[in-house]
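Okay, so here's the structure we're looking at.
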2 protein chains.
Amino acid sequence: MDMRDIAKIAGVSSATVSRVINGSSLVRPETAERVQRVIEKTNFVPNGSATTLKYGRSSTFGLIIPDITNPFFPELIRCFEAILVSNDQDMLMATTDFQPAKLQRTIRRMLIRKVDAVALLAAEIETQPIESLMHNRVPLVTLDRRSIARGVSDVAVEYLSGMKQAVEHLKRLGHRRIGYIGGSLGLTISEHRVEGFRTAIEEAGLKYDPKFVLPGNYRISGGEAGMREILAMKTRPTAILATNDLTAIGAMRVARVQGVGIPEEISIIGFDDIELCEIVYPALTTLRLPRQELAQALFRALDVLAKHPHGRGHQSMVSTTLVIRDSTGPAPRDRKPAGKSV
Amino acid sequence: MDMRDIAKIAGVSSATVSRVINGSSLVRPETAERVQRVIEKTNFVPNGSATTLKYGRSSTFGLIIPDITNPFFPELIRCFEAILVSNDQDMLMATTDFQPAKLQRTIRRMLIRKVDAVALLAAEIETQPIESLMHNRVPLVTLDRRSIARGVSDVAVEYLSGMKQAVEHLKRLGHRRIGYIGGSLGLTISEHRVEGFRTAIEEAGLKYDPKFVLPGNYRISGGEAGMREILAMKTRPTAILATNDLTAIGAMRVARVQGVGIPEEISIIGFDDIELCEIVYPALTTLRLPRQELAQALFRALDVLAKHPHGRGHQSMVSTTLVIRDSTGPAPRDRKPAGKSV
DNA sequence: ATGAAAGCGCTAACAG
DNA sequence: CTGTTAGCGCTTTCAT
């Protein structure tokens, strides 16, 4: 069943059917109505691949994320999808599981599908896959890569001011030794954030101690491992910033298992503000990264690029705010009066 | 850049390029290699829409889910996507947020995109959208709808035996009054499950009391509301089965807030076994619904239908198993010696 | 206001 | 083994 069939039944040409479907104004109302009736009676649905072939555009945006089981992403996907649908776009979603090889193949599949644009939220960004998108003139927006180019925009998370808020909050509570459990080693994004942490610590007039800075993996297990190490230290930090909420939650679990009170003995601050933060016990203090704003920023960036295919990308920012809950509290007094802090 | 361009550079015809790309065996190795080199040098990526147009198939499966923020679904999506990728299929994902209107539009978009098959996991299944898929001969698999047709298979959750296990487990712990917080009213799936609960209760020789059966909404808020109602009862159940883990978690939260001990005063059992179950406190006893198996069953069903387009659908089952954690414990003794139980 | 027809890029049947 | 060509369904210019 194609437009010609509809045309035949309605006694018009396929061109007219096309015009009716696309709401062209140069069809006589009666004709349009007649065609419309046939379309409805036959349940006709046009074949999008013909349109895609003709235009080279598919009304589909690609969304690439590293790990869909991190609840931050579903919440983001939901916002992003809603925006796409209201703009008559479909979403082709793919997960990389942090594997560059998967990313490579994913991008290839998206090129084949002629996606109109790609939002690449995967942290393991090498430049190569990006180049293949640029080469094919597919607008691209990255998350927190802080680097733009022709056809490539970036939405960065303004974590620095958030981290400063977090550190200030802890300092006010009397904390002097603040640790950090970060992301996977070797990812630019992880390094940036450690730097942000260092800056925040130093600007607060505290001492940055690399001993207290541990890598993680953006998942619960990373937080658990980090916390185990921290709890084994002779002099341990009295508060910890985690690179995301899952990491923080992993850390809290280990603390609970080992009978270390939160926030009595260690305060913990997460990052993202996923729904889980209110559900875990104690509720997690965290830096909120607003999903809706982020999704909007991503879409807008792509939309702009799509309209100016030769334009240079733009850098935009999404800021974070501290949400204080119950996982942070006054610093404990040193158990060993030793530990000179500050 | 299309196959003809590649052909020109390599000094062959576009047909040969097509053959090389599709690994046809009737190209002389040297020719193939020459073409291959040109493809690589130019970073050529074929235009899938032409293939889709030609075949009427897009190598894309649709996946429709009600609520991506329910962690059960990301875990399922991840499994499903992995299976698709390893079968060279893409995934078009859409969320309905339990709104029939959204489902309708989603299905239309999928028809336009010429998806090869659809996995419809949204609970609010009316027959109408399904018919539009059947009408267009798109293989369809539903979840727990327990109804099949030409081109429509179903994967059901064998919750009855799981519920019996759950009820037996509670009975052994001394519980006699067992309540249930279900899904949204008016969905077939919700009603089926209530029936399953009733059967399980009665087969265990316990009394089914409709007072203790409350509706929810498959989300935390529904569990909270249900639990609030339950805690307000003069004689309350000593244990509760929830229709999914989120509901159970909502119920647990309300209990904690109101100072009702779990499992000391009320035992709670969830359904799904999302990762969260191990993270909440106390860890949630639940009926595990294995994602990997479910995703496999869904894919297999679609795969079979795709190969036998005129075949009748099949009914398959995924079973559940009880995972005992810390949210269930011995029944408390009646605070008011009144309440005649059993 | 409507129709005829070319062409988007790929594939497969057919010809050589 | 390789090339030629028709055609998948839609849009759009050009004619009428």
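Naming convention: chains lettered A, B, ... in sequence-line order (proteins, then strands); numbering from 1 in each chain. Fair warning: this is a prediction, and the values are worked out from it, not measured in the lab.
- Residue contacts shown for Thr52(A) are absent, as no nucleic acid heavy atom lies under 4.0 Å away.
- In terms of position on DNA chain D, the residue among Thr16(A) and Arg28(B) whose nearest nucleotide sits closer to the 5' end is Arg28(B).
- Atom NZ in Lys54(A) sits roughly 10 Å away from atom P in dG9(C) (whole-Å rounding).
- Atom P of nucleotide dG9(D) and atom CG of Asp2(A) are separated by 5 Å, given to the nearest angstrom.
- The side chain of Ala15(B) lies closest to dT4(D) when the candidates are dA5(C), dT4(D), dT11(C).
- Side-chain contact check for Ile148(A) versus His314(A): every heavy-atom pair is 4.5 Å or farther apart.
- As rounded to whole Å, 20 Å separates atom P of dC10(C) from atom NZ of Lys114(B).
- Here the P atom of nucleotide dG9(D) and the CD1 atom of Ile112(B) are 15 Å apart, to the nearest Å.
- At the heavy-atom level, Val12(B) lies under 4.0 Å from the strands shown only through sugar-phosphate atoms.
- Considering only side-chain atoms of Arg4(B), the nucleotide from dC10(C), dA1(C), dG9(D) that sits closest is dC10(C).
- Checking the phosphate oxygens (OP1, OP2) of dA4(C), no side-chain nitrogen or oxygen of Ser13(A) falls inside 4.0 Å.
- Counting to the nearest Å, the P atom of dA4(C) and the CE atom of Met3(A) are 16 Å from each other.
- Between the CZ atom of Phe44(A) and the CG atom of Asp5(A) there is a distance of 8.0 Å, given to the nearest 0.5 Å.
- Heavy-atom nearest nucleotides on DNA chain C were determined for Thr51(B) and for Arg19(B), and the one closer to the 5' end corresponds to Thr51(B).
- Within 6.0 Å of the CD atom in Glu33(A), the count of heavy atoms belonging to other residues, nucleotides or ligands does not exceed 12.
- Along DNA chain D, the nucleotide nearest Arg34(B) and the nucleotide nearest Leu53(B) are compared for position; the residue whose nucleotide lies closer to the 5' end is Arg34(B).
- Within 6.0 Å of the CD atom in Gln292(A), the count of heavy atoms belonging to other residues, nucleotides or ligands exceeds 12.
- Applying side chain to side chain donor-acceptor pair (under 3.5 Å) to Asp154(A) and the options Gln315(A), Arg145(A), Arg146(A) leaves one that passes, Gln315(A).
- Taking atom CZ of residue Arg57(B) and atom C1' of nucleotide dT11(C), one finds them 12 Å apart after rounding to whole Å.
- Between Asn22(B) and dT11(C), a side-chain N or O to OP1/OP2 separation shorter than 4.0 Å is present.
- Taking atom CD on Glu33(B) and atom P on dC1(D), their separation rounds to 15 Å, with Å as the unit.
- Within the 4.0 angstrom heavy-atom criterion, only backbone atoms of the sugar-phosphate kind lie near Thr31(B); the bases stay farther away.
- Between Asn47(A) atom CG and dG7(D) atom P there is a gap of 18 Å when expressed in whole angstrom units.
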